[in-house]
Q: 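One structure follows; several queries about it will come next.
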Amino acid sequence: MAARVMDEEYVEQVLALVERVPAGRVTTYGALADEVGRGGPRLVGRVMSLHGGAVPWWRVVRADGRPAECHDGEAVRRLLEEDVPFAAPGRVDLRRAGWWTPD
DNA sequence: CGGATGACGACAC
DNA sequence: GGTGTCGCCATCC
């Protein structure tokens with residue numbers, strides 16, 4: 001066991017980064033994978049699907065600025081309450097909301 | 001061991 | 001800017 005790359009260490013790293021994202025800002029799966037330096041966007045998505053309930057998963061969106069298709073309506077509602085800038089209905093403006101992006 | 005799947009991403013048209 | 005296709009990485013069948 002523990003031979004899987006999805007070790008708790010990887011999960012904790014991803015969740016820690018998501019929790020570090022302030023309200024009103026968002027991050028992407030690819031950015032998280034890049035920050036962790038391991039796996040890929042698919043891995044981050046898998047971690048979120050398994051342990052996303054323990055972190056503000058709605059602050060994690062796709063590279064195109066659209067939340068996960070699973071709960072997009074729920075995510076948009078949450079982001080709207082946090083004053084997250086939208087570039088279009090259902091599409092977040094990563095240019096301003098991107099947490100990794102310099103202001 | 002090979003094929004299919006998934007809370008994704010980048011590129012081509 | 002929307003749609004279609006391929007690639008990535010790990011897991012499941």
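Proteins come first, then strands; the chains are lettered A, B, ... in the order of their sequence lines, and each starts at number 1.
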Q: Salt bridge check: are A/E82 and A/R25 linked by an N-O gap of less than 4.0 Å?
A: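 A/R25 and A/E82: not salt-bridged.
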Q: Would you say A/R66 places a side-chain N or O within less than 4.0 Å of OP1 or OP2 belonging to C/dG2?
A: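 Negative; the distance criterion is not met.
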Q: Just how far, in rounded Å, is P of B/dG9 from CD of A/E35?
A: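 Going from A/E35 (CD) to B/dG9 (P), I get 14 Å.
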Q: Whether the side chain of A/R42 and the base of C/dC9 hold a donor-acceptor pair under 3.5 Å is what I'd like checked.
A: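 Side chain to base: no pair below 3.5 Å.
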Q: When you check the gap from the basic side-chain N to the acidic O, do A/R66 and A/D64 get nearer than 4.0 Å?
A: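 Judged by the 4.0 Å cut-off on N to carboxylate O distance, A/R66 and A/D64 do not form a salt bridge.
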Q: How long is the line joining NE2 of A/H51 and P of C/dT11, in whole Å?
A: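 In whole Å, C/dT11 P and A/H51 NE2 are 12 Å from each other.
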Q: Between A/E74 and A/R77, does any side-chain N to carboxylate O distance fall below 4.0 Å?
A: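 Salt bridge between A/E74 and A/R77, a charged N being under 4.0 Å from a carboxylate O: yes.
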Q: Write down the distance between CZ (A/R62) and C1' (C/dG2), rounded to a whole number of angstrom.
A: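 The distance from CZ of A/R62 to C1' of C/dG2 comes to 13 Å, rounded to the nearest Å.
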Q: Are A/H71 and A/W57 close enough that their ring centers fall under 6.0 Å?
A: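 They qualify: ring centres under 6.0 Å apart.
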Q: Taking only the side-chain heavy atoms of A/C70 (C-beta and beyond), determine which of B/dA7, C/dG2, B/dG9 contains the nearest atom.
A: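 The answer is B/dA7, which lies nearest to the side chain.
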Q: Distance check needed: C/dG1 C1' versus A/D93 CG, whole Å only.
A: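 About 15 Å, once rounded to whole Å.
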Q: In whole angstrom, what separates A/R46's CZ from B/dA7's C1'?
A: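 After rounding, the reported distance stands at 10 Å.
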Q: Atom CH2 of A/W57 and atom C1' of B/dC8: how far apart are they, to the nearest Å?
A: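 A/W57 atom CH2 is separated from B/dC8 atom C1' by 17 Å.
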Q: What is the distance from CE of A/M48 to P of C/dC9, rounded to the nearest Å?
A: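 Spelled out: CE on A/M48 to P on C/dC9 is 20 Å.
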Q: Can you tell me the distance, in whole Å, between the CG atom of A/D34 and the P atom of C/dC9?
A: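 Interatomic distance, CG of A/D34 to P of C/dC9: 13 Å.
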Q: Suppose you measure atom P in B/dG3 against the same atom in C/dC6; what distance do you get, rounded to whole Å?
A: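 My reading of the P atoms in B/dG3 and C/dC6 gives 16 Å.
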